[in-house]
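For reference, the structure discussed in these notes is given below.
Remember, it's a predicted structure, so these values are computed and weren't measured experimentally. The chain is numbered in sequence order, starting from 1.
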Amino acid sequence: MVAGAGHAGSGLERRAMIGVIADPVEEDVVREFFELFKTPWEFYRKHRHYDVLLRTADEPVDETAKLVLSYAGRKLRFENDKDIRVCRRRSHSRILAYQGNAIPIYGDMVTFPENGDDLLREDDSQQCAAYLNRSTEKVLARVGYDLFGEVRSLLIEGQPPANAGIPALELHIALLRDLINGCRIPLVEIPPVPDGHPFIACLTHDVDHPSIRQHRWDHTVFGFLYRAVFGSLRNLIHGRVPLRDLVTNWTAALKLPFIHLDLAKDFWREFDDRYLELERDLTSTFFVIPFKNYSGASANGPAPVFRAARYDAVDVTDAIQKLMAAGCEIGAHGLDAWLDNCRGREELDRIRRLTGVSEIGVRMHWLYYDQQSPAALEKAGAAYDSTIGYNETVGYRAGTTQVYKPLQASRLLELPLHVMDTALFYPSHLRLSSRQARILLDRMMDNAVQFGGCLTINWHDRSLAPERLWETCYRDLIQDLKSRGAWFSTAGQAVSWFRKRRAAVFDTDFTEQGGVCAKVTSDHPDNLPRLRLRIHNARESGQIGAHGSEGYVDIPFDQSVDTCVGCEADE
């Protein structure tokens with residue numbers, strides 16, 4: 001045990017233990033939710049005392065808990081018995097206002113016109129979507145949506161682009177934490193925050209076009225010429241780029257015939273040196289396409305011909321070796337792995353042979369993905385996936401800042417993709433200026449500081465070169481991440497840290513004093529930051545939403561120790 005750890009926070013006070021009553025078909029999503037909200041819990045057992053009873057199933061139980069919390073998007077039996085008026089809201093994607101945040105609800109929802117609490121309020125009707133009953137020693141809290149149904153929807157279907165900027169799953173966790181602490185029940189958790197840092201920053205690069213010479217005179221080259229000549233002029237006129245960018249792009253366009261004649265330097269070929277210079281003393285991950293001139297398959301047959309890359313992973317062997325020598329990671333930029341595990345195994349093996357590394361992660365080219373992809377990627381032997389994100393915008397497709405396990409997989413973890421440069425700047429997408437992009441990115445870094453987790457960024461191989469010239473924004477982003485104290489990791493390291501956190505367990509069989517013990521049960525790489533055990537103090541005011549009055553103590557720990565909170569520590 002950690003000497004003295006038992007006295008952190010509030011002495012011998014019992015920490016919250018959550019008993020969960022849910023439909024058996026929800027067991028997988030309940031387990032995953034509590035990997036993301038890492039706090040002591042278990043499925044409800046009779047004759048067991050719980051501080052918090054969380055239920056989504058409408059059945060009577062022995063309600064001796066201090067807080068009985070019911071989530072459902074329908075009227076419950078006890079509301080009929082007590083003649084509580086309930087209004088059903090069936091339309092898709094309603095918005096709830098919570099502490100200045102917007103929580104989108106994708107399933108059925110109910111509001112309480114007469115018994116509501118201002119904690120949650122529906123935007124359209126301005127009716128309350130939650131209420132609390134403090135008429136007895138215990139608190140009855142009612143929230144008008146199905147928590148685990150919402151989590152399932154986020155992890156499987158994801159959010160529409162219109163709600164991309166909302167970390168919905170993290171807000172569901174924040175609301176539950178708020179309800180527990182606000183009911184004067186102390187709480188312990190292992191937050192998604194590496195010790196010594198407020199969050200993780202994962203810099204990644206999809207290598208799609210490592211050489212313009214290899215394209216000859218195909219659609220990519222003509223697209224480059226159009227954007228370099230006409231797009232740059234239009235952007236200059238609208239004040240979106242400086243004059244020097246126009247000059248650089250027009251000069252590159254004039255050089256193009258000489259590049260094809262091998263009389264001028266290929267300005268796309270320098271991506272490895274450019275990124276090593278920008279990311280000096282940092283680590284990042286490069287996803288490399290395994291096979292050239294192969295477009296792969298889409299959900300409806302062959303993918304468009306122009307999805308095919310004009311290079312093979314072997315063509316960038318020198319760059320791969322240079323990047324690995326600098327501490328960077330090489331992953332597979334998959335073509336068919338998302339739907340064919342046999343083809344996926346071939347793609348991963350191609351990268352294994354070039355790198356000599358057995359554990360290879362994947363991100364699908366063009367972000368191809370469907371609900372069967374986690375199982376296919378797992379069978380293919382991928383160490384992790386980092387495909388879940390948006391092509392057309394930036395944000396939280398799965399509603400979370402955290403690495404999570406897709407419900408269709410048994411071991412594969414997903415590192416969500418949050419920011420992609422093309423989504424920020426392409427005219428067909430957000431079409432932001434550098435200043436506008438920095439404002440948006442600053443907001444996402446604020447979310448990372450607030451919720452922890454990992455901010456995953458994808459800056460393509462050619463994005464520092466003409467015609468894109470997005471280096472200044474990327475350089476500023478790195479400096480902003482440094483100033484906020486982020487831990488910079490490769491994609492594989494970020495996933496490994498979350499595996500370490502997932503391996504942590506709470507001893508739910510309390511000691512007589514009501515203590516909680518946490519430990520990591522398996523070995524993990526030594527170069528990963530330690531975990532934190534966060535001990536929340538119960539709010540004296542008992543007021544939900546009083547974030548300013550909430551306090552906590554963090555205790556760092558790793559796999560070598562057990563940490564006991566709320567009981568006498570072993571000397």
Side-chain angles (χ1 to χ4, degrees), residues 205-278 286 289 292-293 295 304-311 315-316 319 333 365-366 391-394 419-438 440-441 457-477:
H205 311 288
D206 290 355
V207 181
D208 293 342
H209 307 285
S211 168
I212 197 169
R213 183 180 294 119
Q214 289 176 312
H215 285 272
R216 301 299 175 186
W217 296 101
D218 63 6
H219 75 283
T220 297
V221 170
F222 287 115
F224 160 79
L225 286 170
Y226 177 82
R227 289 187 292 271
V229 177
F230 300 106
S232 297
L233 180 60
R234 182 177 61 248
N235 287 334
L236 178 70
I237 293 171
H238 291 129
R240 297 170 54 82
V241 298
L243 177 61
R244 66 175 178 274
D245 283 6
L246 175 71
V247 173
T248 300
N249 283 337
W250 281 14
T251 302
L254 291 172
K255 285 183 178 179
L256 192 56
F258 301 97
I259 293 173
H260 284 306
L261 293 171
D262 204 14
L263 298 175
K265 185 181 293 185
D266 187 335
F267 42 74
W268 284 4
R269 184 60 189 85
E270 302 172 345
F271 73 94
D272 48 352
D273 291 328
R274 299 286 299 279
Y275 277 114
L276 287 177
E277 177 187 353
L278 277 174
F286 291 77
I289 289 177
K292 69 183 347 180
N293 298 326
S295 60
V305 174
F306 49 85
R307 183 175 184 247
R310 294 294 179 258
Y311 83 100
D315 297 333
V316 292
H333 204 21
H365 190 33
W366 285 18
N391 280 300
E392 67 272 42
T393 188
V394 302
V419 176
M420 188 154 64
D421 50 4
T422 50
L424 290 171
F425 302 118
Y426 261 20
S428 57
H429 299 327
L430 295 179
R431 196 177 186 175
L432 303 181
S433 66
S434 292
R435 182 184 61 82
Q436 292 169 324
R438 191 166 185 181
L440 190 154
L441 293 170
I457 297 149
N458 179 19
W459 227 257
H460 286 79
D461 57 318
R462 61 182 270 199
S463 293
L464 306 182
E467 85 291 352
R468 294 180 177 175
L469 300 177
W470 298 334
E471 178 177 332
T472 300
C473 185
Y474 189 63
R475 187 188 301 273
D476 291 342
L477 174 59

Would you say Lys265 has more than 12 foreign heavy atoms packed within less than 6.0 Å of its NZ?
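Counting neighbours around NZ of Lys265, 12 or fewer heavy atoms of other residues, nucleotides or ligands fall under 6.0 Å, so no.
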
Tell me if a side-chain donor or acceptor on [X] pairs with a main-chain N or O of [Y] at a distance below 3.5 Å.
| X | Y | value |
| --- | --- | --- |
| Tyr275 | His205 | no |
| Arg307 | His365 | yes |
| Tyr311 | Ile289 | yes |
| Asp461 | Trp268 | no |
| Trp250 | Val229 | yes |

Is the Phe267-Phe224 ring centre distance short of 6.0 angstrom?
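So the answer is yes for these two rings.
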
Close aromatic pair by centroid cut-off 6.0 Å: His460 and Trp470:
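Judged by ring-centre distance (under 6.0 Å), His460 and Trp470 do not meet the cut-off.
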
[X] [atom1] to [Y] [atom2] distance, which is reported to the nearest 0.5 Å:
| X | Y | atom1 | atom2 | answer |
| --- | --- | --- | --- | --- |
| Asn249 | Leu225 | CG | CG | 10.5 Å |
| His333 | Trp366 | NE2 | CH2 | 10.5 Å |
| Leu441 | Tyr474 | CG | OH | 11.5 Å |
| Leu278 | Asp273 | CG | CG | 11.5 Å |
| Ser232 | Leu469 | OG | CG | 7.5 Å |
| Asn235 | Arg431 | CG | CZ | 6.5 Å |

Taking side chain to side chain contact (heavy atoms under 4.5 Å, CB included) as the test, write out the residues that go with Phe230, two or more places apart.
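Phe230: side chain to side chain contact (heavy atoms under 4.5 Å, CB included) contacts with Tyr226.
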
Looking only at heavy atoms, what is the nearest atom pair of [X] and [Y], with distance?
| X | Y | value |
| --- | --- | --- |
| Pro257 | Ala253 | CD-O, 3.9 Å |
| Pro304 | Ser295 | O-CB, 3.2 Å |
| Asn293 | Ala308 | C-CB, 3.7 Å |

Derivation of the side-chain hydrogen bond (donor to acceptor under 3.5 Å, both in side chains) call for Ser463 and Arg468
CA-CA 5 Å; Ser463 293; Arg468 294 180 177 175; 3.1 Å; yes

What pairs of residues pass the salt bridge (charged side-chain N to carboxylate O under 4.0 Å, His left out) test when at least one of them lies in residues 225-253, not counting sequence neighbours?
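The answer is Arg227-Glu467.
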
Among pairs that include at least one residue of residues 210-221, which meet salt bridge (charged side-chain N to carboxylate O under 4.0 Å, His left out), considering only residues two or more places apart or in two chains?
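Those involving residues 210-221 are Arg213-Asp262, Asp218-Arg310.
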
With the side chain counted from C-beta on, respond yes when Phe425 and Cys473 share a heavy-atom pair under 4.5 Å apart, and no when they do not.
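Yes; the side chains approach each other to less than 4.5 Å.
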
Minimum side-chain heavy-atom gap Asp208-Arg462 below 4.5 Å
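Heavy-atom side-chain distance check fails, nothing below 4.5 Å.
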
